[in-house]
Number of protein chains: 2
Amino acid sequence: MESTRQPGGRGRRRPRQSDIARVAGVSQTTVSLVLRGTTVGMSLARETRQRVLDAAERLGYVPDPVATRLASADNAMLGLYSFSATFPTDVAHSYYPILVGVEEEAAAQGQDLILFTGSSRTGTGAGDPASVRRVRVADGCLFFGRHVPEEPIRRLVEDGFPFVYIGRRDEPDVPYVGADYVSASAGVMARLAAAGHRKVRYLREHDQAPASGDREEGVLRGARAAGGATAGLVVRTDGTDLDALLRDWLAEGVTAVVVEQTDTGAALSGLGAAIERAGLSCPRDLSLAVLGAPVGARGRAPGGGAVFSGFDVPMREMGRDAVRLLLRLIAGEEGVRTRRLLPCEPVAGGTVAAPRRE
Amino acid sequence: MESTRQPGGRGRRRPRQSDIARVAGVSQTTVSLVLRGTTVGMSLARETRQRVLDAAERLGYVPDPVATRLASADNAMLGLYSFSATFPTDVAHSYYPILVGVEEEAAAQGQDLILFTGSSRTGTGAGDPASVRRVRVADGCLFFGRHVPEEPIRRLVEDGFPFVYIGRRDEPDVPYVGADYVSASAGVMARLAAAGHRKVRYLREHDQAPASGDREEGVLRGARAAGGATAGLVVRTDGTDLDALLRDWLAEGVTAVVVEQTDTGAALSGLGAAIERAGLSCPRDLSLAVLGAPVGARGRAPGGGAVFSGFDVPMREMGRDAVRLLLRLIAGEEGVRTRRLLPCEPVAGGTVAAPRRE
DNA sequence: GAGTTTCGTTAATACGTATTAGAACCTTGA
DNA sequence: TCAAGGTTCTAATACGTATTAACGAAACTC
């Protein structure tokens with residue numbers, strides 16, 4: 001690729017501090033001092049300052065983020081690195097609200113966002129250490145995605161580069177902002193028990209992410225607390241025939257199903273379709289609770305336009321909080337709580353009712 | 001702020017090329033040549049090369065991406081500036097597929113994206129000239145959003161800053177990648193006429209964007225070509241009572257309605273609701289065509305799960321193509337077609353049928 | 001009026017890598 | 001023996017900004 005800074009022909013080269021210096025009749029150092037805000041002990045004549053500012057304005061100067069960064073300063077840019085595609089192609093892009101929150105808070109804090117792309121490409125591999133290292137052009141970086149290579153993250157920790165993970169992590173020393181899936185999931189089980197359900201099944205996908213493990217732990221904890229039967233509680237959906245599963249459950253006297261909500265939402269949509277195919281209605285024949293309401297699925301519950309019962313994942317707030325935490329880390333603040341779990345809002349919804357009496 | 005590069009106390013400084021050079025007993029230049037792969041005309045002794053590689057391996061060298069970018073005069077960063085919020089909060093974020101396309105192509109081309117939020121740091125509005133000028137931190141920039149302040153754009157053109165608008169623009173000298181709404185809309189009218197419709201109405205929102213104007217022009221052109229009645233063809237929805245409108249249309253013998261699809265999709269959803277309230281079915285009682293199928297509205301057509309008839313806006317491809325065009329502009333290529341209109345895919349759909357015979 | 005402080009500015013350098021223009025040495029051919 | 005050419009490497013510099021040390025001039029002290 002041709003150099004950006006030597007555009008052939010018409011296009012003017014982008015102005016740098018030395019250009020301003022020439023126009024204003026001062027040195028590059030002075031320009032830097034004026035634009036950067038004087039360091040302690042430095043003072044500049046008001047008139048000189050104004051001349052520099054005018055020249056900068058006239059030339060349309062904007063600092064080069066890379067050079068600024070190399071000279072070791074902050075450039076008001078936060079990185080955003082996703083281990084899956086940042087903008088997923090399928091409709092159920094469950095991460096979208098996180099982006100909204102990140103953008104909101106970044107804008108409010110006067111930070112721009114650098115979206116690091118290519119993290120999902122097969123060629124370099126998502127966790128390619130060299131790929132992750134790019135994030136250093138930013139002052140700090142947010143990471144998200146369910147599956148994360150540990151090696152590059154460890155490197156960043158060693159180097160002392162400020163970053164925050166969106167979603168709970170097991171590795172020590174990794175700052176994160178996550179959701180308290182354990183409590184929220186236990187709460188869902190408690191509400192099912194309170195509604196009278198004694199035989200409940202938990203449908204989750206085959207997944208190793210912490211977010212999945214936390215939900216399962218919460219469900220099991222809630223089941224124990226409710227004293228209900230827990231044998232065979234958990235079922236994974238890899239290749240399962242959901243229609244057969246549903247029949248078996250009903251035959252066994254299962255009155256409620258808890259479904260994990262993941263990126264794809266495959267388990268939920270699959271089960272919903274099975275319920276409709278069986279000619280059943282929810283919550284009349286079967287109560288349904290969802291752990292983390294799917295973003296696009298409002299009013300899509302089988303057999304009506306009800307909102308799913310369960311809880312809401314505070315994705316937007318996670319995004320916002322992650323930005324705030326990252327900025328404090330960048331600022332080098334002491335005593336910041338670097339591992340945070342946000343509470344999930346319970347959703348009463350319309351897909352859970354008392355079990356039908358035979 | 002603490003420097004990232006001086007990890008306090010024990011942590012050893014990251015090795016750089018000069019460290020390798022010292023260990024291997026060569027110059028920094030040689031290290032760079034070895035690690036980067038020799039440039040044309042350069043040759044290195046196999047033995048030297050190996051010594052350097054060994055030293056690099058032993059020291060755990062990883063190139064500093066910031067320095068690399070500064071030295072190669074290529075930040076590999078494209079800007080993305082939206083005149084509305086980059087990540088709209090509401091569900092019908094019709095721009096989303098554009099983002100998908102932009103990210104895909106940027107990743108494929110090894111470019112990162114800088115997202116500008118409009119109101120940054122200065123706290124000024126989205127269209128503020130000072131705000132727009134900030135995009136110059138990137139090598140080039142993509143713009144999108146229906147309503148655009150012209151002044152800052154003109155300024156960028158003057159300065160020769162490479163940028164591409166996503167969506168057609170009227171201003172001369174503004175490179176863009178848009179969709180050919182005129183042809184596509186005319187095509188929809190032609191298909192309606194071919195299906196036997198003689199009395200058609202066009203419902204659009206009150207809007208000044210080129211995308212709206214193009215659709216109207218296409219509809220009118222298509223109507224003329226079909227020789228149908230065009231009097232009172234166009235109706236705008238600002239505050240209109242859609243139920244009354246619908247009644248009138250049916251009384252007049254209107255058999256098909258063409259609806260413009262915009263950001264909000266208000267016209268379409270409003271009309272759909274009116275049709276359902278009137279107890280009518282589509283396409284039995286009224287054919288419905290949409291100019292640019294709404295992203296989230298698949299299977300939401302009134303009275304059934306049909307796909308809307310009309311055309312698809314190739315948003316993803318627009319995003320990809322815009323990135324490609326921008327990179328060619330940045331490279332200073334000559335003879336690039338800088339104003340492109342992409343064809344829209346016709347969608348047969350299920351909401352258009354032959355008019356009902358009385 | 002010599003010494004000290006303060007003010008306003010700049011020269012020099014650092015950051016880590018890429019690239020260009022040779023230097024030093026060796027081989028070859030006449 | 002000398003010029004021509006090739007091979008292997010390095011010195012110097014560029015990239016654009018931040019920072020430190022220092023300098024000249026003016027203002028103050030005694």
Side-chain angles (χ1 to χ4, degrees), chain A residues 1-6 13-22 24-52 56 59 61-77 130 133-134 136-137 139 159, chain B residues 1-7 13-22 24-52 56 59 61-77 136-139:
Chain A
M1 176 183 317
E2 287 301 305
S3 164
T4 303
R5 304 205 174 74
Q6 305 287 352
R13 183 174 49 72
R14 69 186 253 183
R16 1 166 208 195
Q17 290 187 350
S18 58
D19 295 322
I20 300 177
R22 193 160 6 84
V26 296
S27 71
Q28 177 264 323
T29 304
T30 303
V31 174
S32 175
L33 290 175
V34 168
L35 297 178
R36 197 74 206 158
T38 356
T39 328
V40 281
M42 281 291 186
S43 56
L44 292 173
R46 187 171 304 276
E47 194 264 347
T48 305
R49 174 185 303 274
Q50 196 53 53
R51 229 172 43 234
V52 170
L59 296 178
Y61 172 80
V62 173
D64 183 322
V66 171
T68 304
R69 191 66 192 141
L70 180 62
S72 85
D74 70 303
N75 55 15
M77 290 193 187
R133 274 171 99 14
R134 282 184 305 162
R136 305 187 74 109
V137 300
D139 298 336
D159 290 353
Chain B
M1 175 186 318
E2 286 303 302
S3 165
T4 305
R5 305 204 176 74
Q6 305 285 354
R13 188 173 42 76
R14 260 210 323 273
R16 359 167 211 192
Q17 290 187 348
S18 59
D19 296 321
I20 300 177
R22 192 159 7 83
V26 296
S27 72
Q28 177 265 322
T29 304
T30 303
V31 174
S32 175
L33 290 175
V34 169
L35 297 178
R36 179 124 259 268
T38 7
T39 329
V40 282
M42 276 293 183
S43 58
L44 292 173
R46 187 170 304 276
E47 195 264 345
T48 306
R49 175 185 302 274
Q50 195 54 52
R51 226 169 50 232
V52 169
L59 295 178
Y61 171 80
V62 181
D64 183 331
V66 178
T68 304
R69 287 184 176 190
L70 179 61
S72 59
D74 176 17
N75 292 2
M77 295 199 262
R136 304 182 67 133
V137 301
D139 296 334

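Every chain is numbered from 1 and lettered A, B, ... according to where its sequence line falls, protein lines coming before strand lines. If you're wondering where the values come from, they're calculated on a predicted model, not measured in any experiment.
Taking atom CZ of residue Arg36(B) and atom P of nucleotide dT20(C), one finds them 12 Å apart after rounding to whole Å. For the pair Glu47(A) CD and dT9(C) C1', the computed distance is 13 Å after rounding to whole Å. As a whole-Å value, the separation of Arg69(A) CZ from dG16(C) P is 12 Å. In this structure, the CG atom of Asp19(B) is 9 Å from the P atom of dG16(C), given to the nearest Å. Rounded to whole Å, the distance from OH on Tyr61(B) to P on dG16(C) is 10 Å. dG16(C) atom C1' lies 14 Å from atom CZ of Arg22(B), rounded to whole Å. Distance Arg46(B) CZ to dT8(D) C1': 14 Å, rounded to the nearest Å. The CG atom of Leu33(B) sits 18 Å away from the P atom of dT13(D) (whole-angstrom rounding).
For a distance-only test at 3.5 Å, the side chain of Thr29(B) qualifies as a donor-acceptor partner of the base of dA11(D). Not a single donor-acceptor pair, N or O on each side, falls under 3.5 Å between the base of dA18(C) and the side chain of Gln17(B).
One distance of note links CG of Leu59(B) with CZ of Arg22(B); it measures 8.5 Å at 0.5 Å rounding.
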Distances under 3.5 Å only, N/O to N/O: pair up the protein atoms with those of nucleotides 23-25 of chain D.
none

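As judged by a 4.0 angstrom heavy-atom cut-off over every strand, Ser18(B) is placed among residues making no nucleic acid contact. Residue-level contact check: Ser32(A) touches the bases, meaning some heavy atom is under 4.0 Å from a base atom.
The side chain to side chain contact (heavy atoms under 4.5 Å, CB included) search around Ser32(B) returns Gln17(B), Gln28(B), not counting sequence neighbours. Shown here are the side-chain hydrogen bond (donor to acceptor under 3.5 Å, both in side chains) partners of Thr29(A), two or more places apart in sequence or in another chain: there are none. Ala71(B) is linked by a side chain to side chain contact (heavy atoms under 4.5 Å, CB included) to nothing, counting only residues two or more places apart in sequence or in another chain. Legend: residues meeting side-chain hydrogen bond (donor to acceptor under 3.5 Å, both in side chains) with Arg51(B), ordered by chain and number and at least two apart, are Glu47(B).
For the pair Tyr61(A)/Val31(A), no side-chain contact is recorded, criterion being any heavy-atom separation below 4.5 Å from C-beta on.
For the pair Ala67(B) and Arg51(B), both in contact range of DNA chain D, the more 5′-proximal nearest nucleotide belongs to Arg51(B). Taking for each of Arg16(A) and Val26(B) the nucleotide of DNA chain D with the nearest heavy atom, the 5'-most of the two is the partner of Val26(B).
With distances taken from any side-chain atom of Ser27(A) to the nucleotides dT19(C), dT10(C), dA11(D), the minimum falls on dT10(C).
In the helix from dG1(C)-dC30(D) to dA30(C)-dT1(D), the end axes, each obtained as the rotation axis mapping the C1' atoms of four pairs onto the next four within a five-pair block, lie 60° apart to the nearest 10 degrees.
In terms of heavy-atom proximity, Leu70(B) sits nearest to Ala67(A) at CD1-CB, 3.9 Å. In this structure, Thr48(A) and Thr30(A) approach most closely via the heavy-atom pair CG2-CG2, 4.1 Å. Across all non-hydrogen atoms, the minimal contact from Ile20(A) to Val52(A) is CG2-O, 3.8 Å.
Look at Asp139(A) and Arg69(A) and you find a salt bridge, because one of the NZ, NE, NH1 or NH2 atoms lies within 4.0 Å of a carboxylate O, short of that distance.
Checking the phosphate oxygens (OP1, OP2) of dG8(C), no side-chain nitrogen or oxygen of Thr48(A) falls inside 4.0 Å.
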